[in-house]
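To start, the structure itself, in structure tokens.
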Amino acid sequence: MEVKKDQHTSPPSETIPIVDLSNPDEELVSRAVVKASQEWGIFHVVNHGISMDLIRRLKEVGTQFFELPETEKKAVAKPDDSQDFEGYTRNLKYTEGEVWADNLFHRILPQSCINYKYWPRNPPQYREVTEEYTKETKKLSERLLGFLSEGLGLRHEALKEGLGGEKSEYVLRINNFPPNPQPDATLGLPEHTDIVALALIVTNEVPGLQVFHEDHWFDIQYVPSSITVTIGDQILRLSNGKYKNVLHRVTVDKEKQRMSWPVFVDANPDVVIRPLPELITGDNPSMFKPIVCKDFKYRRLFKLPVD
């Protein structure tokens with residue numbers, strides 16, 4: 001989807017939906033998650049069950065990693081000849097089409113797909129904190145997938161199973177956007193929809209995330225105790241278009257460092273991504289062709305036709 005590259009954003013008084021997961025009325029919570037996913041494709045969750053101390057420690061070890069000398073960060077660098085995404089990368093360029101960001105990217109679940117050579121050994125608490133956060137994130141993501149499944153009129157486990165069940169993959173990406181002397185020259189991340197199912201995001205206090213909603217770019221306000229949830233391409237396809245994959249981008253700041261910690265919930269590479277069969281009827285035909293996940297991601301990454 002091509003949209004105008006203008007910087008116009010919505011008034012700061014507007015905000016994306018905020019869902020309080022501590023509400024004892026589960027049906028009300030489920031409806032709020034479903035509505036936000038249909039109308040926006042993005043929402044904040046608060047009282048989500050992940051301790052703020054754990055989130056603080058996650059941010060602390062990630063920030064400490066990016067403060068290391070470049071030689072130490074390169075100990076977990078993505079190899080130049082790698083066809084995979086895992087490892088540390090640095091890309092601070094003003095070239096059109098490039099981005100202004102350092103990244104650390106590695107799988108965190110299931111255990112069978114983890115390659116610890118891409119997990120920093122410094123700071124020494126990195127692995128312990130990341131593993132603890134992974135367990136909590138998995139619980140939260142499965143609760144949200146359950147709400148979304150029920151919003152389709154299906155069993156609680158339907159979307160989880162559609163992504164590969166316990167074989168679905170979780171990936172942590174730490175984005176570091178240093179201060180940029182020319183903030184209008186490039187973006188931290190260009191406009192895109194996520195090729196995964198969900199992203200669960202925490203950030204530092206510096207804003208920068210924008211979504212495209214109702215024909216303009218919309219600033220996402222920072223809510224200190226929240227986790228931001230975005231709907232990706234895989235949920236769009238599994239739900240046969242009922243849930244929206246949100247178009248978003250990240251801007252950079254002239255004076256402040258922005259950081260974010262998205263956890264991506266991704267289908268198993270060998271799963272066939274297709275609308276869940278229970279959704280397809282004569283009145284509701286399939287909107288998308290079946291495609292193996294790894295082929296879908298390859299075609300999306302290289303901007304090849306999918307359907």
Side-chain angles (χ1 to χ4, degrees), residues 42 44 50 55-68 70 72-74 76-78 82 84-95 97-108 118-120 123 126 129-130 133-134 137 141 169-183 185-212 217 219-224 226-232 246-266 297 301:
I42 183 172
H44 295 309
I50 302 180
I55 291 174
R56 177 192 60 77
R57 288 187 287 134
L58 178 81
K59 294 180 181 181
E60 194 171 76
V61 294
T63 303
Q64 287 170 352
F65 170 76
F66 281 98
E67 289 171 348
L68 293 173
E70 194 68 17
E72 286 197 59
K73 287 183 284 191
K74 285 183 176 178
V76 293
K78 175 184 172 183
S82 174
D84 199 15
F85 55 77
E86 290 192 278
Y88 166 72
T89 57
R90 180 176 174 84
N91 190 359
L92 305 178
K93 298 180 180 178
Y94 293 126
T95 313
E98 296 287 352
V99 298
W100 186 268
D102 297 333
N103 308 105
L104 177 64
F105 218 154
H106 61 74
R107 292 177 175 90
I108 55 178
Y118 296 118
W119 291 48
Y126 183 89
V129 171
T130 300
Y133 186 69
T134 298
T137 303
S141 68
E169 296 188 353
Y170 285 64
V171 178
L172 173 65
R173 174 172 177 163
I174 308 178
N175 297 309
N176 178 48
F177 307 104
N180 186 333
Q182 300 178 42
T186 188
L187 289 166
L189 286 174
E191 61 195 49
H192 66 286
T193 59
D194 291 331
I195 60 176
V196 297
L198 294 176
L200 283 70
I201 310 164
V202 296
T203 72
N204 67 356
E205 69 282 356
V206 179
L209 179 61
Q210 297 180 337
V211 300
F212 197 70
W217 286 105
D219 286 313
I220 301 303
Q221 304 303 311
Y222 173 68
V223 177
S226 73
I227 292 176
T228 307
V229 181
T230 60
I231 303 295
V246 64
L247 185 70
H248 56 288
R249 68 184 184 186
V250 175
T251 61
V252 290
D253 193 273
K254 188 173 184 178
E255 298 173 351
K256 297 176 182 176
Q257 174 191 33
R258 183 178 192 273
M259 293 189 70
S260 65
W261 287 259
V263 168
F264 298 109
V265 183
D266 194 5
K297 291 167 73 173
L301 286 168

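We're numbering straight along the sequence, starting at 1. What you are looking at is a predicted structure, and each value in this text was computed from that prediction instead of being measured.
Here the CG-CG distance, from Asn103 to Asn175, works out to 5.0 Å after rounding to the nearest 0.5 Å. Of the inter-residue distances, the one linking His44 atom NE2 with Tyr222 atom OH reads 10.5 Å to the nearest 0.5 angstrom. With rounding to the nearest 0.5 angstrom, the OG1 atom of Thr228 is 6.0 Å from the CD1 atom of Ile42. Between atom OG1 of residue Thr89 and atom CG of residue Asp102 there is a gap of 7.5 Å, rounded to the nearest 0.5 Å. Once rounded to the nearest 0.5 Å, the distance linking CG of Asp194 with CD1 of Ile231 reads 10.0 Å. Within the model, atoms CD1 of Ile50 and CG of Leu58 stand 9.5 Å from one another, a figure rounded to the nearest 0.5 Å.
Smallest separation of non-hydrogen atoms from Ala101 and Gly188: CB-O, 3.9 Å. Nearest heavy-atom pair, Ile108 versus Trp119, reported as atom, atom and distance to 0.1 Å: CG2-CZ2, 3.8 Å. Across all non-hydrogen atoms, the minimal contact from Tyr170 to Ser141 is OH-OG, 2.6 Å.
Under a cut-off of 6.0 angstrom, the local environment of NZ in Lys256 is sparse, with at most 12 non-hydrogen atoms contributed by other residues, nucleotides or ligands.
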Please output the side-chain donor-acceptor pairs of residues 200-208 that fall under 3.5 Å, not counting sequence neighbours, one pair per line with the distance.
unit_1, atom_1, unit_2, atom_2, d
Asn204, OD1, Val206, N, 3.3
Asn204, OD1, Met259, N, 3.1
Asn204, ND2, Gln257, O, 2.9

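Partners of Lys297 according to the side-chain contact (heavy atoms from CB on, under 4.5 Å) rule, which considers only residues two or more places apart in sequence or in another chain, are Ile195, Gln234, Asp266, Cys293. Considering only residues two or more places apart in sequence or on other chains, Glu255 meets the side-chain contact (heavy atoms from CB on, under 4.5 Å) condition with Asp253.
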key: Evaluation steps, side chain to side chain contact (heavy atoms under 4.5 Å, CB included), between Asp219 and Gln210   = CA-CA 5 Å; Asp219 286 313; Gln210 297 180 337; 3.0 Å; yes
task = Could you give me the CA-CA distance, side-chain angles and deciding distance for Tyr133 and Arg57, then say whether side chain to side chain contact (heavy atoms under 4.5 Å, CB included) is met?
result = CA-CA 9 Å; Tyr133 186 69; Arg57 288 187 287 134; over 6 Å; no
Worked verdict on Lys73 versus Asn176 for side chain to side chain contact (heavy atoms under 4.5 Å, CB included) = CA-CA 13 Å; Lys73 287 183 284 191; Asn176 178 48; 5.8 Å; no
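Taking the side chain as every heavy atom from C-beta outward, Thr251 and Leu187 approach each other to under 4.5 Å. Within the 4.5 Å cutoff, side-chain heavy atoms of Leu104 are placed close to those of Phe66. Residues Leu247 and Trp217 form a side-chain contact, since some pair of their non-hydrogen atoms from C-beta on lies under 4.5 Å apart. You'll find the side chain of Leu189 stays beyond 4.5 Å of the side chain of Arg249, heavy atoms only. Using a 4.5 Å heavy-atom cutoff, the side chains of His248 and His192 are in contact.
In summary, of the residues considered (Lys78, Glu70, His106), a side-chain contact (heavy atoms from CB on, under 4.5 Å) with Tyr88 occurs for Glu70 alone.
Using bins of under 30°, 30° to 60° and over 60° for the plane-to-plane angle, the ring pair Tyr126/Phe65 lands in the tilted bin. Classification of the Phe85-Phe105 ring pair by plane angle, with boundaries at 30° and 60°, yields tilted.
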